[in-house]
Amino acid sequence: MSATPILYEGKAKILYPTTDPDILLTHFKDDATAFNAQKRGNIVGKGEMNCAISSHLFQLLEAQGIATHWIDRPAPNQMRVRAVKILPLEVVVRNIAAGSLCQQTGLALGTILKQPLVEFYYKNDALGDPLLTLDRLLLLELATPEQVEQLRSQALRINRILTDFFQKCGITLVDFKLEFGLDAQQNLLLADEISPDTCRLWNQADADPTARVLDKDRFRHDLGNVEAAYRNVLERVLAQPV
Ligand code: TMP
Ligand code: ASP
């Protein structure tokens, strides 16, 4: 018997084809990377936890009218999704200064932004996913001007929905990264995943700047208790209906 062919293997997920060309199967891995894969590790149970958290959040967003690639979750670490051509952009929304925003601007960690900041990064590992200007994005034809506006408004809508949801979980949504793709009919769908790998999430019950971290920053910066943080997010997210 031959093994199932892999369509694409990324750092955290494997994509498999299905018998239907419009549907793909995503397998979430326990592998973790940071700093453009210079740091590698394994977070036990991450695949299942991220698959469950992402599935719940995609269903929440669908219920609020956001078109996503999510279909269902046939196994704990597997998600069936609509096949899309991923735009080579990472759309980051920030509510509070952290991470590269602090490093590149000098803003103090935790500074509350007067309004959400939407940024576009070039999804290109060889170049280290650089921050784009609008002119560079258009120069490289990574999206049309109309798509850029659509991406920005969708990202802000998603931010409002997710911020409210995480608030109910007692979690502050500091920032997050989204990816979008186009289906065969050129519809723009939210794709990839939304999980502690792709969001910064702070526990509102803990003011301590290390203890409050419930996301991949625990892995990035060797803060310990990584699995426990992901499980904490999973339990709180699943406890809130979509
Ligand atoms: P940054 O502060 O490192 O630019 O990250 C901003 C947000 O994007 C943060 O929530 C983590 C997420 N992110 C990813 O999902 N993938 C990445 O490769 C990077 C660099 C950040
Ligand atoms: N996912 C990215 C990588 O390895 C970076 C990160 O999330 O910090 O390379």
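Counting begins at 1 with the first residue of the sequence. In what follows, every heavy atom counts, from backbone to side chain, and hydrogens, waters and symmetry copies are set aside. Both counts, for ligands and for their atoms, begin at 1 and track the order of listing.
Looking only at protein heavy atoms, the nearest one to atom 5 (C) of ligand 2 is Phe35 N, 3.8 Å.
Salt bridge annotation for Lys123-Asp129: absent, with no cationic side-chain nitrogen under 4.0 angstrom from a carboxylate oxygen. Electrostatic pairing of Asp125 and Lys11 counts as a salt bridge here, judged by a charged N lying under 4.0 Å from a carboxylate O.
Considering backbone and side-chain atoms together, Thr33 places an N or O closer than 3.5 Å to an N or O of ligand 2.
The contact shell of ligand 1, taken as protein residues with any non-hydrogen atom closer than 4.0 angstrom, comprises Glu90, Val92, Arg94, Ala98, Gly99, Ser100, Tyr121, Asp175, Phe176, Lys177, Asp197, Thr198, Cys199, Arg200, Arg220.
Between Leu151 and Phe180 there is a side-chain heavy-atom pair separated by less than 4.5 Å.
Ile53 pairs with exactly one of Ile194, Leu238, Val233 by the side-chain contact (heavy atoms from CB on, under 4.5 Å) rule, that one being Val233. Each of Asn50, Asp192, Thr26 was scored for a side-chain hydrogen bond (donor to acceptor under 3.5 Å, both in side chains) with Lys13, with one residue passing: Asp192.
Residue Asp30 comes nearest to Gly47 through the heavy atom pair OD1-N, 2.8 Å, listed as atom of the first residue, atom of the second, then distance. Across all non-hydrogen atoms, the minimal contact from Phe219 to Lys39 is O-CE, 2.8 Å.
Close approach of ligand 2 to Ala37 (heavy-atom distance below 4.0 Å) involves ligand atoms 3 (C), 4 (O), 9 (O). For ligand 2, the atoms closer than 4.0 angstrom to any heavy atom of Lys216 are 1 (N), 6 (C), 7 (O).
Contacts of Lys39 with ligand 2, taken as heavy-atom pairs under 4.0 Å, are absent altogether.
The heavy atom nearest to atom 8 (O) of ligand 2, considering only Lys177, Arg40, Glu90, Arg220, is found in Arg220.
Side-chain contact, Tyr230 with Asp215: no donor N or O sits under 3.5 Å from an acceptor N or O.
In this structure, CD on Gln59 lies 9.0 Å from CD on Glu62, to the nearest 0.5 angstrom.
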